[in-house]
Amino acid sequence: MADTVVDVHQHEHAGHDGHHDPHWIVKYLWSTDHKIIAMQYLFTGMFMGIIGAYMAYVFRMQLAFPGISVPGFGQVSPGEYNSLITNHGSIMIFWVAMPVLIAAFGNYLIPLMIGADDMVFPRINRLSYQIFLVSAIILLASLFVEGGGFGGAWTSYPPLSAEGDYNQTNLGSSLWLLAVALEFVAFLLGGINFITTLMNSRAPGMKAYDIPMVLWMIVIASILFMLSVGPLIAGAVMLFFDQTINTGFYDPTRGGDPILWQHLFWFFGHPEVYVVLLPAIGITVDVIATFARKKIFGYKLVLYTAVATGVLSFFVWAHHQFIAGIDPRMANVFTITTLLISVPIAELLFVMIATLYGGSIRLTTPMLWALAFIAEFLIGGVTGIFLGASGADIYFHDTYFVLAHFHYTFFPIAIIGTFCGFTYWFPKMFGRMMNDTLGKIHFWGTIIPFNFIFIPLFVLGMGGQHRRIYNFQHFPELAGPEMYSLRQIATISLLIMLAFQAVFFFNMFWSWFKGEKAGKNPWKANTLEWTTESPPGHGNWPPDQMPVVYRGPYEYGHPDREEDYWPQHLPS
Amino acid sequence: MSENNEHEHSNDDGHGHDGGHHVNYFKIYVVLVVLFLISVAGPEVGEMTGLRWITLITAFGIAVVKANLVIQNFMHLRWEKNLMKWVLATSLILMFLMVAGISPDVMNHEGNNWENVAAKAAVERGVDGEAEEETMVVAAPVGFTPQGAFQTVCATCHGTAGDGNGPAGAALDPPPANFTDAAFWADRDKQRIMTVIQDGAAAVGGSSLMAPFGALYTDEQVSELADYVISFAPDGAAPGGE
Amino acid sequence: MERFLIQASTYAGSIDGVIMLIALLVGFWFLLAEGIFFWLIWKFRARPGEKSQYLTGKEKHVKRWITIPHALVLLCDVFIIIASVRVWYDVKQQLPEADSTIRVIGQQWAWTFQHPGIDNELDTDDDIYTVGDLHVEVEKTYHFQLQSRDVLHSFSVPVFRLKQDAIPGRSITGWFQATETGDHDVQCAEICGIGHGIMAARIHIEDAQTHAQWIADASAATTP
Amino acid sequence: MAHAKPLATLRSATGIPTGRLAVWWVLASEVVIFGGLLGVYLMHRIGHPEWADAAAHTQTWIGALNTFVLLTSSFTAVLAHQAAEKGNGKEAAKFLCFTILGAMTFLVVKSFEWYNEISHGYTITANTFWSFYYTAAGLHALHVIAGAIIMGVVAFDAFRGRELHRVELIGIYWHFVDVVWIFLFPLLYIAK
């Protein structure tokens with residue numbers, strides 16, 4: 001099959017390099033190997049995550065103890081506060097959740113789990129990471145330009161975001177927008193690679209229903225991303241022109257419309273939630289199946305509900321705008337579609353819970369993370385119903401209730417999901433086992449404070465506290481001592497949680513160099529990545545041993561077998 | 001590997017219908033050019049007969065037909081697997097969905113309990129009309145007194161006594177100006193105070209926390225307000241008048 | 001909800017009613033799901049020598065454990081939708097006859113309120129403008145016209161359970177009727193720049209006498 | 001050769017060659033970018049009948065000339081594909097060069113047109129109609145430039161008889177650029 005993109009130059013280049021070790025820069029920074037690119041995404045994402053967490057620390061300190069000089073930052077001015085919350089949100093979603101969950105796990109797992117030697121377009125893959133890196137650098141640079149970083153919230157509603165006169169951060173907001181747009185381009189390139197690879201490059205014998213769920217989810221997420229981001233890219237170009245050359249796309253006095261941006265943003269923004277959710281669900285499903293030693297409860301059910309969720313997610317976007325000035329009649333339509341989306345999501349969670357039934361559950365660290373995902377995401381899911389119902393949303397919109405709700409969804413997705421996947425595939429990535437005790441200490445040290453951060457925020461939200469206010473002293477009803485004690489509980493819990501992350505980093509580096517050797521298949525799992533060396537060499541498998549697939553990925557506890565697992569590549 | 005080989009493969013594997021597509025590309029091209037000519041001529045006919053729908057049909061109807069011809073025959077979508085047709089159709093349908101969801105707000109200029117005043121004004125004045133400074137007609141407060149204005153608006157931050165100790169001022173960084181401080185008046189005149197009230201302190205390089213309030217008051221009122229602000233200055237520190 | 005914040009408008013109770021209904025329905029599902037979840041983790045913990053069961057999820061008697069809750073979730077959704085849409089209709093779509101109309105104008109970073117004055121008509125000479133203080137009479141129906149001068153703001157009165165964004169270029173009409181006297185916070189609920197955190201106002205809900213007195217005083221103070 | 005092109009690229013589980021599959025996905029994402037922009041423009045245009053006065057200043061004949069140029073270049077692109085299918089790299093390169101020539105003509109005409117309009121004061125900030133006009137046509141022109149550059153590379157390879165399958169891929173992309181213009185033409189020029 002030669003009718004594919006073949007790169008002659010790469011051949012020649014590769015021919016030169018073939019027999020001696022390339023310079024480490026070429027090997028680690030200029031590599032086209034999907035595993036190296038995955039690591040680049042993973043560590044860039046982690047680095048950005050640390051920056052995002054630092055921002056959270058600074059503004060939580062300001063909220064709990066207004067006016068103090070925050071250790072490691074100094075006094076927080078209102079402008080800095082706005083910039084911190086804006087960039088915290090943008091970083092956590094665009095530069096942490098997406099690169100880690102989709103790009104890092106996607107790049108690492110797709111070729112390994114479908115039995116291919118690399119992505120189909122390795123050089124586009126590298127380009128994708130490079131654009132992503134540039135976007136991250138631009139974003140970080142935007143924090144230090146004159147006027148400071150952009151402070152108009154991650155939703156970037158015009159006219160505030162469009163006019164320097166309004167946001168006082170002319171350059172910062174343009175750079176922010178540029179960074180986001182470049183990040184979109186990076187993920188479009190990456191997404192095309194993921195989709196094409198999964199569609200075309202599966203190992204012989206691997207049919208559509210033999211693909212591990214995590215890959216389906218990553219690819220469905222990529223498709224959702226590709227189909228939803230287009231209008232926002234167009235909208236971002238328009239906003240960029242508004243900012244830089246003073247056009248009037250979002251200026252009501254010149255025939256534009258500020259509501260338009262909200263629609264374009266959320267037409268992308270809501271599917272985006274599922275773009276990051278689905279890979280996390282996929283990781284969880286795979287981990288649960290492995291450690292419960294169970295076939296997942298209804299493979300097709302999970303797949304179809306995921307697709308249904310994806311399709312429905314295009315019909316619900318305006319529930320972010322119920323009271324934002326859209327026509328009130330439209331709100332009824334979007335209430336109905338929004339509540340309907342709870343059905344497939346509930347079904348996904350039911351299926352995950354039902355998978356536990358009849359299993360033989362081993363509570364390893366990855367399994368704890370997977371179970372925590374379900375338990376915590378349920379809270380995020382049920383509180384979403386309040387916000388999707390237009391009547392209740394009149395009160396809850398833009399309060400801390402919303403904030404606590406989406407942290408209860410994004411935290412399980414981006415943090416719990418990442419730790420789940422990372423601890424599960426760590427042996428494959430680095431060839432050594434992570435320390436289980438340290439892993440469990442880190443787990444409990446993260447999960448317990450997490451709840452103590454956000455449950456007080458639910459209460460504050462119900463008390464009418466609005467978001468994005470840097471100091472509550474101007475609102476007598478919010479400045480009471482009981483309100484402050486709730487804020488302080490949240491902040492102190494955050495400090496405890498951040499402190500426990502040190503355990504994770506210690507565990508990671510220690511296990512990386514000193515951990516117990518993992519072997520090929522430490523978890524006794526079925527999928528193809530466990531059939532090669534840990535870590536896999538270049539090309540993943542020796543060319544003459546490319547795997548062939550004989551069955552689905554979740555054949556655990558099969559009655560015909562003595563062992564409780566049945567790898568995909570073993571002939572019957 | 002031989003390039004020729006590769007190419008032959010592409011015929012076999014790529015299309016599954018060897019020897020090209022048996023399309024007379026030239027014929028399609030001629031049809032496209034003819035359609036194109038009609039679409040250009042359409043508006044002329046429409047203008048002559050005064051029938052606007054002729055223009056619309058020839059313009060957009062033909063665009064759809066032409067696009068379809070190109071997509072089916074030149075892009076060979078006609079011979080492509082159904083899968084890709086579905087993908088492209090989905091992306092197109094999503095765009096219709098998007099337009100359907102957005103148009104009640106953006107295309108219409110009024111709806112249930114709301115009215116897009118600015119857009120209506122824009123339609124009203126046409127493309128050549130100059131936009132007014134302030135489309136929203138908000139009358140300046142009647143019965144203005146400088147004291148009253150200062151106490152309701154300015155005092156929130158600058159304090160009732162003009163000493164910068166207003167309830168909302170405590171959290172601000174930099175703190176609100178203290179008008180009773182002689183040092184404050186060392187390099188300020190009335191014109192600057194008026195500019196700051198109207199355009200905000202950022203307009204003179206100060207803190208952006210001092211918002212522009214120009215929309216609230218007429219020029220005379222701002223002048224009166226500035227006089228009132230100057231009256232806080234300690235003896236001898238007040239800047240000269242105009 | 002009253003535990004957190006008093007209800008001071010006619011529709012605050014019905015909005016809280018929707019919230020309570022959702023809390024009951026989803027609370028039930030939440031507790032049920034978490035209960036089953038933890039029970040399963042405990043029940044099917046790994047025991048040496050015991051192999052897991054092989055269930056594909058295709059068996060009908062197993063599958064109904066998913067399909068029945070599935071249908072019930074849908075049913076609950078229908079209840080929530082009906083309750084929610086009804087309240088939404090009352091609050092946002094159908095405006096009752098107004099006793100008085102006020103105008104609320106947001107700008108960076110202050111609220112300007114235009115009260116109709118003695119003649120109870122807006123845009124006349126005796127209108128009373130205030131910045132940061134809204135005076136309304138209890139048990140009277142008010143319409144408000146919400147406008148913005150520069151960027152998006154959001155007029156939020158938590159005790160009324162009322163919130164509506166102000167959009168530059170648009171005039172959005174809404175209504176409220178206060179049920180209790182008192183002074184409460186008005187917040188801006190849409191980020192509007194550096195001063196978003198200081199964009200506070202107070203709403204003064206007064207009885208008929210006090211309100212009339214205020215109108216008289218304010219008119220006297222501002223009439224030249 | 002340990003570093004040979006990945007085996008993954010050579011597989012085709014769907015039956016669609018990997019390169020073409022990817023191009024279709026690129027186009028799907030382009031459809032939503034242009035679809036979003038044109039949809040938004042359409043809504044504004046219907047909501048603002050007064051823009052017809054601004055649209056009256058667009059030069060239909062220049063737009064028509066450009067439409068014809070792009071149609072013709074699309075035709076030569078498909079002829080290049082035909083030649084490539086027959087294995088005739090030189091012929092394919094020749095037709096691709098015609099297509100590039102078409103792209104160049106398009107851009108020259110476009111710059112002339114824009115120069116003319118800007119000198120009359122119809123700049124991108126003159127009115128929101130003109131903002132849309134320049135943004136939509138500019139985004140399209142960007143695609144024309146990108147297409148022309150890639151086509152140059154493909155033609156260079158094809159002339160030496162290499163990578164002939166790429167002629168089809170760039171062709172598909174080029175036809176898409178043509179299709180976008182087919183819709184831009186009536187939207188920006190004809191509907192007045």
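- Both the backbone and the side chain of A:F314 come within contact range of chain B, with heavy atoms under 4.5 Å apart.
- Annotation: the span from A:M330 atom CE to B:N112 atom CG amounts to 12.5 Å, rounded to 0.5 Å.
- Each of B:I102, B:V106, B:L83, B:V87 has some count of heavy-atom pairs under 4.5 Å with chain A, and the biggest count is that of B:I102.
- Of all heavy-atom pairs between A:P328 and B:W114, the closest is CD-CD1, 4.0 Å.
- Note that the CE atom of B:M98 and the CG atom of A:L232 stand 11.0 Å from one another [nearest 0.5 Å].
- Residue A:K207 places its NZ atom among 12 or fewer non-hydrogen atoms of other residues, nucleotides or ligands, all under 6.0 Å distant.
- More than 12 heavy-atom neighbours from other residues, nucleotides or ligands sit within 6.0 angstrom of CZ on A:F65.
- To the nearest 0.5 angstrom, B:N116 atom CG is 8.5 Å from A:I259 atom CD1.
- Your options are A:A318, A:P66, A:P252, and the one with the most heavy-atom pairs under 4.5 Å with chain B is A:P252.
- In terms of modelled atom types and a separation under 3.5 Å, the side chain of B:D105 and the main chain of A:D327 share a donor-acceptor contact.
- Neither the backbone nor the side chain of A:M226 comes within contact range of chain B; no heavy atom of the residue lies under 4.5 Å from a heavy atom of that chain.
- By the neighbour-count criterion of 12 heavy atoms within 6.0 Å, atom NZ of B:K120 is densely surrounded, having more than that number from other residues, nucleotides or ligands.
- The CG atom of B:L94 lies 9.5 Å from the CG atom of A:L224; values are rounded to the nearest 0.5 Å.
- Summarising the geometry of B:R125 relative to A:R254, their closest heavy-atom pair is NH2-CA, 4.4 Å, with the distance given to 0.1 Å.
- Using a 4.5 Å cut-off between heavy atoms, B:N108 makes no contact with chain A at all.
- Taking 4.5 Å as the limit, some side-chain heavy atom of B:M95 sits within range of a side-chain heavy atom of A:P231.
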